[in-house]
Chemist: 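Next up is a structure, given as structure tokens.
Counting starts at 1 for both ligands and their atoms, following the listed order. Being a predicted model, the structure only gives us computed values, none of them experimental.
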Amino acid sequence: MTAVSEKSDHSGEDNTGTIIEVEDASVKFPSSTGELKVLNNVTLDINRGEVLGIVGESGSGKSMFGSSLLDAVEEPGHTTGSVTYHPTNGEPVSILDLSEDQLRELRWEEIAMVFQGAMDSFNPTMRIREHFEETLEAHDRDLKEGMQRSRQLISDLYLEPDRVLDAYPHELSGGMSQRALIALSLLLEPDVLVMDEPTAALDLLMQQSIIALLNEIGQKYDLTMVFITHDLPLVAKLADRLAVVYAFELVEVGPTSRLLQSASHPYTRSLLRATPNTHAPLEEMRPIEGSAPNPANVPIGCSYNDRCPIASNHCTEEDPVLESITDNHRVACFYPEEARKSVQFSLEKGEEVNQ
Ligand SMILES: Nc1ncnc2c1ncn2[C@@H]1O[C@H](COP(=O)(O)OP(=O)(O)OP(=O)(O)O)[C@@H](O)[C@H]1O
Ligand code: NI
């Protein structure tokens, strides 16, 4: 596997190999009609130092995947399978077997997560400074040293440390509070940063600038980043690798450049065609036909068959598994070649990616 592409020229002691190994991860919720499976047997290795983009439409299971990495799925949801964290030094950690206390430590010191909609997660009655101090105290860290790191992180995110630390949450704009939250999540020097829709509430310009900032900060602090979003073209600017989620399963995984040039799952291709980006004029954005997956009613066979333009009988009978079509590029489709030929998309106006 190529863990390091030209985009993540991170230098570090051990920059290769797997940092988080996800095997057969599933999330189930009890319901009146039986169990709802909202993450379905996902297996994926996250490479040390990479930026991994998790993409898919609303309700597809992206947040469930992100939360499962930290055993953070809310009750009564239940995560099964295995998630193994490989620290730079030390023994592998089986995350789904940790106690609450161990998890709390892991979530700040090893794998930090900025949850979806977390911008409002600052306590409105506390200044930003107190959030940083409280975190340091809760983890028995030296306050002076820790606040120095806070100031450094805040200025790395192009904010003024004094102004931000003295502010109350409501005094910060959306972009500022999202950046302050990223700084807070990096306070205890985690190796991995998982972000769930960190730019969703921001305007286009702020989204772009957060992407640029994350690129810088990821390199400076040698981070492995998992970036969860419905906006494929946006995350493509940052990610070394993309994993596409449809109906609670991975349907395509590969290096970003490879997916942009020759996405091989009909869903990925539709997603590339449907997602708005800064270049495509509005009239070129086409919504994906059919309705988004419902966990109570996933089609038999390939879960995408009811929306797929090239589905055959085979697809309604058998569920394709995620298989390598080239090194590093895996697709869950019986007809990857057909898909490349028949589902057209263009990333930029006038540029037909597929002839
Ligand atoms: N507490 C819950 N109980 C039952 N089902 C849930 C619960 N929370 C989420 N789900 C279901 O799990 C599925 C996956 O949800 P998830 O939040 O992972 O989607 P997502 O891809 O992150 O979507 P979005 O882009 O809207 O954030 C959805 O169909 C959702 O309805
Ligand atoms: Ni989500």
Side-chain angles (χ1 to χ4, degrees), residues 20 22 24-44 46 52-81 83 95-96 111-121 174 178 181-182 185 193-202 207 210 225-236 238-239 242-253 265 267-268 270-272 274-277 285 287-288 290-299 303-304 306-307 322 332:
I20 300 177
V22 181
D24 260 342
S26 294
V27 175
K28 289 177 200 141
F29 277 95
S31 86
S32 52
T33 53
E35 277 187 326
L36 293 180
K37 209 166 185 182
V38 294
L39 190 69
N40 190 2
N41 294 77
V42 168
T43 295
L44 182 68
I46 302 175
L52 174 68
I54 306 292
V55 295
E57 70 201 306
S58 187
S60 57
K62 303 182 299 294
S63 294
M64 293 302 158
F65 173 77
S67 296
S68 73
L69 296 176
L70 287 154
D71 202 8
V73 173
E74 280 175 23
E75 297 277 331
H78 181 61
T79 309
T80 56
V83 180
I95 291 179
L96 301 184
I111 308 172
M113 179 148 179
V114 177
F115 288 93
Q116 189 164 12
M119 244 144 67
D120 326 310
S121 72
Q178 189 60 280
L181 201 61
I182 292 169
S185 69
L193 177 61
V194 181
M195 289 164 287
D196 193 351
E197 299 279 7
T199 63
L202 307 175
Q207 291 188 356
I210 295 244
M225 292 195 278
V226 179
F227 190 110
I228 298 170
T229 179
H230 61 278
D231 191 340
L232 201 167
L234 181 82
V235 72
L238 177 69
L242 296 173
V244 181
V245 182
Y246 183 80
F248 327 107
E249 293 176 328
L250 289 183
V251 295
E252 185 158 11
V253 182
H265 194 287
Y267 176 64
T268 311
S270 302
L271 208 56
L272 281 162
T275 320
N277 65 70
M285 296 169 200
I288 303 174
S291 52
N294 170 351
N297 190 18
V298 177
S303 53
Y304 189 57
D306 58 339
R307 296 169 84 185
L322 196 62

Chemist: When you compare the side chain of Pro293 with that of Arg307, does any pair of heavy atoms fall below 4.5 Å?
Modeler: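 Side chain of Arg307 against side chain of Pro293, heavy atoms only: contact under 4.5 Å found.
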Chemist: Short list, please: which atoms of ligand 1 are under 4.0 Å from a heavy atom of Pro295?
Modeler: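 Near Pro295, the atoms of ligand 1 are 29 (O).
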Chemist: Report, in ascending order of atom number, the atoms of ligand 1 lying under 4.0 Å from any heavy atom of Ser60.
Modeler: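 What qualifies from ligand 1 is 19 (O), 20 (P), 21 (O).
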Chemist: What I'd like to find out is whether the side chain of Phe115 reaches to under 4.5 Å of the side chain of Ser63, using heavy atoms alone.
Modeler: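 The answer is no, as the side chains (C-beta and beyond) never meet within the 4.5 Å cut-off.
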Chemist: Tell me whether the Ni ion (ligand 2) has Ser58 as a neighbour, meaning an N, O or S atom of it below 2.8 Å.
Modeler: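 No, Ser58 does not qualify, because none of its backbone or side-chain N, O or S atoms lies under 2.8 Å.
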Chemist: Nearest protein heavy atom to atom 25 (O) of ligand 1, by residue and atom, and its distance?
Modeler: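 Ranked first by proximity to atom 25 (O) of ligand 1 is Lys62 NZ, 2.8 Å.
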Chemist: Under 4.0 Å from any heavy atom of Glu57, which atoms of ligand 1 are there?
Modeler: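 The atoms of ligand 1 under 4.0 Å from a heavy atom of Glu57 are 21 (O).
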Chemist: Quick one: are Leu238 and Phe227 in side-chain contact, heavy atoms under 4.5 Å?
Modeler: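 Yes, at least one pair of side-chain atoms sits under 4.5 Å.
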Chemist: Less than 4.5 Å apart, any side-chain heavy atom of Glu249 and any of Leu322?
Modeler: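 Of all side-chain heavy-atom pairs linking Leu322 with Glu249, none is under 4.5 Å.
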Chemist: What's the shortest distance from atom 1 (N) of ligand 1 to any protein heavy atom, and which residue and atom give it?
Modeler: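 Here the nearest protein heavy atom works out to Phe29 CE2, 3.3 Å.
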Chemist: Tell me the nearest of Gln116, His230, Met64 to atom 18 (O) of ligand 1, using heavy-atom distances.
Modeler: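 The option holding the nearest heavy atom is Met64.
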Chemist: Under the criterion side-chain contact (heavy atoms from CB on, under 4.5 Å), which of Thr199, Val55, Ile228 is the partner of Val235?
Modeler: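 Exactly one option meets the side-chain contact (heavy atoms from CB on, under 4.5 Å) with Val235, and it is Val55.
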Chemist: Heavy-atom distances under 4.0 Å are what count here, so tell me which part of Ser58 touches ligand 1: side chain, backbone, both or neither.
Modeler: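 Both of them.
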Chemist: Determine whether Ile111 and Val194 make a side-chain contact, defined as any pair of heavy atoms from C-beta on separated by less than 4.5 Å.
Modeler: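 Yes; the side chains approach each other to less than 4.5 Å.
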Chemist: Which ligand 1 atoms does Val38 reach within 4.0 Å, using its non-hydrogen atoms?
Modeler: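 Matching atoms, with element in brackets: 11 (C), 12 (O), 13 (C).
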Chemist: Among all protein heavy atoms, pick out the one at the shortest distance from atom 23 (O) of ligand 1; state its residue, atom name and that distance to 0.1 Å.
Modeler: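 That would be Gly59 N, 2.7 Å.
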Chemist: Are any of the side-chain heavy atoms of Ile20 and Val226 separated by less than 4.5 Å?
Modeler: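 With C-beta onward as the side chain, the pair stays apart.
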Chemist: Any N/O/S atom, side chain or main chain, of Gln116 closer to the Ni ion (ligand 2) than 2.8 Å?
Modeler: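 Yes, since at least one N, O or S atom of Gln116 sits under 2.8 Å from the Ni ion (ligand 2).
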Chemist: Ring centres under 6.0 Å, that's the criterion: do His265 and Tyr304 meet it?
Modeler: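 Under 6.0 Å, so yes.
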Chemist: Report yes if the side chains of Val251 and Val245 come closer than 4.5 Å at any heavy-atom pair, otherwise no.
Modeler: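 Not in contact.
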Chemist: At a 4.0 Å cut-off, with the gap strictly under it, does some heavy atom of Gly56 reach an atom of ligand 1?
Modeler: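 Flag not set, Gly56 not near ligand 1.
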Chemist: Answer yes or no: does an N/O atom from Gly61 fall short of 3.5 Å to an N/O atom of ligand 1?
Modeler: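 Between Gly61 and ligand 1 (N or O atoms, distance only) the closest approach is under 3.5 Å.
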Chemist: Please list the nearest protein heavy atom to atom 17 (O) of ligand 1 with its residue and the distance rounded to 0.1 Å.
Modeler: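 The closest one turns out to be Ser63 CB, 3.6 Å.
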Chemist: For ligand 1, indicate whether the residue Phe248 contacts it via side chain, backbone, both or neither (heavy-atom separation under 4.0 Å).
Modeler: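 Contact part for Phe248 vs ligand 1: side chain (C-beta onward).
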Chemist: Between Leu242 and Thr268, is any pair of side-chain heavy atoms under 4.5 Å apart?
Modeler: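 Counting from C-beta outward, Leu242 and Thr268 never come under 4.5 Å.
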Chemist: Using a distance threshold of 4.0 Å (strictly less than), state whether atom 31 (O) of ligand 1 has a protein heavy-atom neighbour.
Modeler: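 No, because not a single protein heavy atom sits under 4.0 Å from atom 31 (O) of ligand 1.
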